[in-house]
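My questions all concern the structure below.
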Amino acid sequence: RERPKESEAVFRSALAASPRNPRQAAALTHNLGVSLKMQRRYPEALEAISRAQVLANDIPLADYNRGNVLQHLGKLEDAVDAYRLAIARNPIDLNAHRDLNQLLYRLGRDDEFLRSYYGTHFGGIEVVEQAIHQGLDGKRYLVIHGDLFDLVVQNARWLAHLGDKA
């Protein structure tokens, strides 16, 4: 981790030995991608991580690392998708949540970032999309985020982003 050029050489050497196990080849290729990312060789890193995901599509951290590389390459919407996939595969990946949320905030999608936490438990509290609250008077209330009723958000997302910039 502290010497990415040397780790790159080690991973390339191990890959040159033609590992027969596809999962081993995928892990080595992913780690090569991480080494390239640490050297800021982002196009090569993306290629290696993507190749690793073709060999084995369930490598822990691959989607997260792919999101980081895509973000450095300025492919922000693709990075959002990669972080979401990382979270779908591992809902408690706090790094993926953090980086997705920071990116969504930078993109002006500040309402959207909380949605990445739906289904997550924090100290016995589950983050949900909606809830029914019963008041002391016995009345029941539907608790939701108000943007669900915003037709612009629902039907013309590009216009909502344009309005956020104004």
Side-chain angles (χ1 to χ4, degrees), residues 1 23 26-27 29-31 33-38 40-166:
R1 184 165 239 244
R23 293 208 45 80
T29 305
H30 173 256
N31 287 332
V34 172
S35 174
L36 293 166
K37 176 183 84 162
M38 293 172 68
R40 296 188 171 135
R41 293 165 53 191
Y42 300 118
E44 293 171 84
L46 180 59
E47 181 182 332
I49 292 169
S50 297
R51 198 168 354 126
Q53 289 184 295
V54 168
L55 293 169
N57 69 353
D58 61 344
I59 301 169
L61 296 177
D63 297 307
Y64 171 72
N65 285 321
R66 191 167 170 276
N68 285 339
V69 171
L70 287 164
Q71 197 169 168
H72 283 290
L73 290 171
K75 298 179 179 185
L76 303 182
E77 290 301 326
D78 291 337
V80 167
D81 293 340
Y83 290 137
R84 285 198 171 126
L85 189 53
I87 292 166
R89 292 180 197 262
N90 181 8
I92 60 170
D93 184 343
L94 297 180
N95 289 328
H97 279 284
R98 179 200 63 220
D99 290 357
L100 171 62
N101 293 336
Q102 288 175 350
L103 179 54
L104 289 171
Y105 187 79
R106 281 184 31 223
L107 291 170
R109 294 156 58 180
D110 50 337
D111 285 337
E112 192 175 343
F113 84 90
L114 287 174
R115 290 186 180 93
S116 75
Y117 289 104
Y118 289 165
T120 306
H121 295 263
F122 295 99
I125 298 171
E126 182 180 5
V127 181
V128 295
E129 185 173 2
Q130 61 182 354
I132 304 292
H133 171 75
Q134 185 165 349
L136 292 175
D137 60 0
K139 290 184 180 177
R140 294 167 35 119
Y141 301 91
L142 175 63
V143 181
I144 57 175
H145 191 284
D147 72 349
L148 292 175
F149 298 105
D150 186 345
L151 292 175
V152 172
V153 169
Q154 293 299 309
N155 299 311
R157 193 164 207 68
W158 65 271
L159 188 58
H161 292 300
L162 184 64
D164 286 343
K165 301 291 181 202

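Start at 1 with the first residue, then count along the sequence. This is a predicted model, so every value here is computed, not measured.
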query: When rounded to the nearest 0.5 angstrom, what is the spacing between CG in N68 and CG in L73?
result: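 Here the interatomic distance stands at 11.0 Å.
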
field: Non-hydrogen side-chain atoms of Q53 and T29 separated by less than 4.5 Å
entry: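 They are not in contact (no side-chain heavy atoms under 4.5 Å apart), so the answer is no.
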
- request: Walk me through it: do R89 and D63 pass the test salt bridge (charged side-chain N to carboxylate O under 4.0 Å, His left out)?
  value: CA-CA 9 Å; R89 292 180 197 262; D63 297 307; 2.6 Å; yes

- prompt: Do H30 and L55 have side-chain heavy atoms sitting under 4.5 Å apart?
  reply: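 Side chain of H30 against side chain of L55, heavy atoms only: no contact under 4.5 Å found.
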
Distance, nearest 0.5 Å, that separates CG of L104 from CZ of R109: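 That separation rounds to 5.0 Å.
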
query: CG/N65 to CG/L46 distance, rounded to the nearest 0.5 angstrom?
result: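 N65 atom CG to L46 atom CG measures 11.5 Å (nearest 0.5 Å).
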
query: Excluding sequence neighbours, so at least two apart, what forms side-chain contact (heavy atoms from CB on, under 4.5 Å) with I92?
result: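 Testing I92 for side-chain contact (heavy atoms from CB on, under 4.5 Å), a comparison that skips the adjacent residues, returns N90.
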
- prompt: From R140 CZ over to Q134 CD, what is the distance, rounded to the nearest 0.5 angstrom?
  reply: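 Between R140 CZ and Q134 CD, I get 6.5 Å after rounding to 0.5 Å.
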
query: From R66 CZ over to I59 CD1, what is the distance, rounded to the nearest 0.5 angstrom?
result: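 Reported value, rounded in 0.5 Å steps: 12.0 Å.
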
task: Check each of H97, R98, Q102, Q71 against Y83 using the side chain to side chain donor-acceptor pair (under 3.5 Å) test, and report the only one that passes.
output: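 When side chain to side chain donor-acceptor pair (under 3.5 Å) is applied between Y83 and each of H97, R98, Q102, Q71, only Q71 qualifies.
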
query: Shortest non-hydrogen contact from A26 to A56?
result: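 That closest heavy-atom pairing would be CB-CB, 3.7 Å.
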
Side chains of L107 and V80 in contact at under 4.5 Å (non-hydrogen atoms):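 In short, these two side chains touch, coming nearer than 4.5 Å.
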
message: Quick check: closest heavy atoms across A48 and L36, and the distance to 0.1 Å?
response: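 In terms of heavy atoms, the two residues are closest at CB-CD1, 4.3 Å.
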
- request: Grab the two heavy atoms, one from A45 and one from G33, that are nearest each other, plus how far apart they are.
  value: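 Nearest heavy atoms, A45 then G33: CB-O, 3.3 Å.
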
task: Could you list the residues that satisfy ring-ring contact (aromatic ring centres under 6.0 Å, His included) with H72, not counting sequence neighbours?
output: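 Once residues adjacent in sequence are excluded, the partners of H72 under the ring-ring contact (aromatic ring centres under 6.0 Å, His included) criterion are Y42.
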
- request: Decide side-chain contact (heavy atoms from CB on, under 4.5 Å) for D81 and L70; before the verdict, give the C-alpha distance in whole Å, the side-chain angles of both, and the deciding distance to 0.1 Å.
  value: CA-CA 10 Å; D81 293 340; L70 287 164; over 6 Å; no

- prompt: Cut-off 3.5 Å, side chains only: do Y64 and D99 have a donor facing an acceptor?
  reply: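 Yes, because at least one side-chain N or O of Y64 sits under 3.5 Å from a partner of the opposite role on D99.
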
- request: Give the intermediate values and the outcome of salt bridge (charged side-chain N to carboxylate O under 4.0 Å, His left out) for residues R51 and E44.
  value: CA-CA 11 Å; R51 198 168 354 126; E44 293 171 84; over 6 Å; no

message: Please evaluate residues E47 and V69 with respect to the criterion side-chain contact (heavy atoms from CB on, under 4.5 Å), reporting the C-alpha separation (whole Å), side-chain torsions for both, the decisive distance (0.1 Å), and the verdict.
response: CA-CA 10 Å; E47 181 182 332; V69 171; over 6 Å; no

message: Return the CD1 to CG distance between I132 and L142, rounded to the nearest 0.5 Å.
response: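 One finds 5.0 Å between CD1 of I132 and CG of L142.
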
